[in-house]
Amino acid sequence: MPRSRPMWNERPTIENIARYEGQEIVLKGWLYNMRSSGKLHFLQVRDGTGVMQCVVFKGNVTPEVFETAAALKQESSLVVRGKIRVDARSPIGFEMDVVDLKATHIPDVDYPISPKEHGTAFLMDHRHLWLRSSRQQAILRIRAELIRQIRAYFDANGFLLLDAPIFTPSACEGTTTLFETDYVDGSKAYLTQSGQLYMEAGAAAFGRVYCFGPTFRAEKSKTRRHLTEFWMVEPEVAHIGLDEDMDLAEDFLVSIVQGVVANRRKELAALERDIAALERVQKPFARISYTEAVERLQQAGMPVRWGEDFGGDEETVLANQFDRPVMIHRYPAECKAFYMKTDPDDLKCALCVDVLAPEGYGEIIGGGQREDDYDTLLKKIRTHGLSEEAFGWYLDLRRYGTVPHAGFGLGVERTLGWICGLPHVRETIPFPRLMQRVTP
RNA sequence: UCGGGCGUAGCUCAAUCGGCAGAGCGGGUGGCUGUUAACCACUAGGUUACAGGUUCAAGUCCUGUCGCCCGAGCCA
């Protein structure tokens, strides 16, 4: 039986408008902008996949349709019918000559976001509408592609997706601030800061696992690199040490960056990103020890001493010495979390690694080899003043068939901010949650 | 929590030494058959964040409050 209407996924879109050259089609969308010139209306129509100019010429339509076009306001929803034609003046190469037009809804009030300049605070107050603008669409399409590449990498390399809980009983790492929430029967739960400990259980069960989900940090950090809610992917692998962990991080980063460059070149170009800088992200990455990093910083005139953690300035100076991400390994154990394994060759250091993105975007990966010895881990838990009881299940992982294992966490928004070349992470997530903002 | 900065029309910003509250964009009306941030003419639009104070006179100076931005610490 012939269908009277196309399937939902057979409708024409601006994204693939080239298929419809010479045909008369119907497009459903919104008015992005309009210019008029006497007997002509130039409608910039967006349908979610792109923006196309639809030309309403007074001689081609009824007087009613021409009046309807004149009455349209920014972000009116509409249905246009017309013939698709090649036009060299068009940014997308095609235009529609409109023969019929219906306004589905014309707003009573003006759309707040005009095509001119606005400040970030105003745009963030209207984030639900800002998402309609082409620049935000480019960023969020690249975000979706980055996430697709991340999943594709792990799925193709024998990792099992293992979701970590959002509610957790206590701090994964004692110090950082947690969001507390009421749980049942008057008890408290905390929003997760990391799925890592659960991934360690997963690695002992499945060998290679990863989790991918939101992470919550109640730190009072109001900088361009911080969100209170962000997304993190955390792989964990049994039977590997720090060197293989770095191999994994390097291979993974090259894969996802080149995958994004290959599939979202148009969007990166729209953001005026220097794509050549991303294409340089190839193996091998420099691997320098914390000790070597301190020497490099001192040679650069930075007043750092061995034993201190690096701040943002130090990270930027180090990262700027390389044209691709750089791995800094074996930090002083005191700077790092309790579960990091001590370096047997230098007991002051931990078998950990941070990956710094180029161009001053800072740390995008933190990871390392985990402590796998029961007695050593118990001692570290006590030294850090953590609850032995709360970490009982975690200690169990060392009691039953413990093996060397390692992993890392990658922050999606910082990585995306770097890939897109954005000055602030807040545009890398649809609805950012910041210290000073939980709306819209 | 600490340091620095900001708050004027719907938006982005001016307003000199304390001396008439301004522009562009957006909106409205009219004009134009090829506009790309269209253009031209006209037009409406103000509790200068809030509360006090100094002064003949405060957007401007002082005190306090609120909000926001940038950074530090902390972190991805």
Side-chain angles (χ1 to χ4, degrees), chain A residues 32-44 51-60 66 70-71 73-75 85 87-92 95 97 107-126 129-130 133-134 172-178 192-196 214-234 249 308-316 335-337 354-357 361-367 408-418 423-426 428-429 434-437:
Chain A
Y32 195 62
N33 198 4
M34 178 164 84
R35 284 176 285 274
S36 294
S37 178
K39 300 194 171 81
L40 281 171
H41 295 299
F42 299 100
L43 314 183
Q44 312 298 324
V51 179
M52 181 172 67
Q53 176 156 285
C54 300
V55 184
V56 183
F57 174 48
K58 200 168 188 174
N60 288 351
F66 195 75
K73 303 177 76 158
Q74 198 185 350
E75 288 300 322
R85 162 176 60 70
D87 195 303
R89 292 165 292 194
S90 165
I92 63 166
E95 285 188 351
D97 282 326
D108 296 326
V109 294
D110 296 330
Y111 188 67
I113 303 177
S114 68
K116 296 286 180 171
E117 57 195 317
H118 298 284
T120 316
F122 175 82
L123 290 167
M124 274 301 171
D125 286 341
H126 298 85
L129 303 176
W130 193 15
S133 72
S134 56
C172 293
E173 318 169 24
T175 54
T176 343
T177 321
L178 289 156
T192 181
Q193 289 190 312
S194 166
Q196 183 212 311
T215 298
F216 307 89
R217 303 271 169 99
E219 296 149 6
K220 304 240 187 304
S221 301
K222 296 183 284 185
T223 80
R224 69 180 76 182
R225 302 186 306 280
H226 287 89
L227 298 165
T228 52
E229 177 183 310
F230 65 96
W231 286 67
M232 190 157 68
V233 60
E234 295 174 281
E308 296 171 348
D309 206 352
F310 299 143
D313 290 347
E314 285 84 8
E315 286 184 357
T316 300
C335 299
K336 292 295 174 180
D354 282 359
V355 181
L356 306 184
Y361 282 92
E363 184 183 348
I364 53 172
I365 281 181
F408 61 80
L410 171 118
V412 168
E413 288 76 16
R414 280 192 187 173
T415 304
L416 186 62
W418 161 53
H424 199 299
V425 292
R426 64 192 154 200
T428 62
I429 186 165
L434 302 153
M435 219 56 227
Q436 302 291 334
R437 178 179 295 281

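Because only heavy atoms are used, hydrogens play no part in the values below, and waters and symmetry mates are left out as well, while side chains stay in.
The glycosidic torsion of C20(B) lies more than 90° away from 0, placing the base in the anti range.
For Asp309(A) and Lys336(A), the salt-bridge test fails: no basic side-chain N is under 4.0 Å from an acidic carboxylate O.
Between C68(B) and Arg426(A), no contact under 4.0 Å exists linking OP1 or OP2 to a side-chain N or O. Look at Arg437(A) and you won't find any side-chain N or O under 4.0 angstrom from OP1 or OP2 of G67(B).
Partner assigned to U65(B) is A49(B), using Watson-Crick or G-U wobble distances below 3.5 angstrom. The partner of C25(B), taking Watson-Crick or G-U wobble pairs whose two distances both stay under 3.5 Å, is G10(B). Remark: C2(B) base-pairs with G71(B); criterion is Watson-Crick or G-U wobble with both hydrogen-bond distances under 3.5 Å. Pairing for U54(B) is absent, with no Watson-Crick or G-U wobble pair whose two atom distances lie under 3.5 Å.
Between Arg85(A) and Gly366(A), it is Arg85(A) whose nearest contact on RNA chain B lies nearer the 5' terminus. Comparing Phe310(A) and Gln53(A) by the nucleotide of RNA chain B that holds the closest heavy atom to each, the one mapping nearer the 5' end is Gln53(A).
Classified by interplanar angle (parallel below 30°, tilted 30° to 60°, perpendicular above 60°), the ring pair Phe122(A)/His126(A) is tilted.
Distance Arg225(A) CZ to A76(B) C1': 10 Å, rounded to the nearest Å. Across the protein-nucleic acid pair, Lys58(A) atom NZ and G34(B) atom C1' stand 17 Å apart, rounded to whole Å. Across the protein-nucleic acid pair, Asp313(A) atom CG and A72(B) atom P stand 6 Å apart, rounded to whole Å. The nearest whole Å value for the distance from the CD atom in Gln436(A) to the C1' atom in G71(B) is 14 Å. Leu434(A) has its CG atom 16 Å from the P atom of G67(B), to the nearest Å. Taking atom CD on Glu363(A) and atom P on A76(B), their separation rounds to 5 Å, with Å as the unit. Straight-line distance from the CG atom of Asp354(A) to the P atom of C74(B): 13 Å, rounded to whole Å. Nucleotide G71(B) holds its C1' atom 16 Å from the CE atom of Met435(A), rounded to whole Å.
Nucleic acid contact class of His41(A) (heavy atoms, under 4.0 Å, all strands): none. Nucleic acid contact class of Ile113(A) (heavy atoms, under 4.0 Å, all strands): none. Within 4.0 Å (heavy atoms only), Glu234(A) reaches no atom of the nucleic acid at all. Counting any heavy atom pair closer than 4.0 Å across all strands shown, Ser36(A) reaches a base atom.
The side chain of Leu227(A) approaches A76(B) more closely than any other nucleotide in the set U35(B), A76(B), C70(B). The listed nucleotides are U35(B), G34(B), C75(B); the one nearest the side chain of Glu219(A) is C75(B).
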For nucleotides 3-13 of chain B, list the nitrogen or oxygen atoms of the protein found under 3.5 Å from its nitrogen or oxygen atoms, one pair per line.
{"unit_1": "C11(B)", "atom_1": "O2'", "unit_2": "Glu117(A)", "atom_2": "O", "d": "3.0"}
{"unit_1": "C11(B)", "atom_1": "O2'", "unit_2": "His118(A)", "atom_2": "ND1", "d": "2.6"}
{"unit_1": "U12(B)", "atom_1": "OP1", "unit_2": "Gly119(A)", "atom_2": "N", "d": "3.0"}
{"unit_1": "U12(B)", "atom_1": "O2'", "unit_2": "Glu117(A)", "atom_2": "OE1", "d": "3.3"}

Find every protein N or O atom lying less than 3.5 Å from an N or O atom of nucleotides 27-30 of chain B, and list the pairs.
none

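The aromatic ring of Phe42(A) does not sit over the base of G34(B), since the test of centres under 5.5 Å and planes under 30° is not met.
Between Gln193(A) and Met232(A), the closest heavy-atom pair is O-CE, 3.8 Å.
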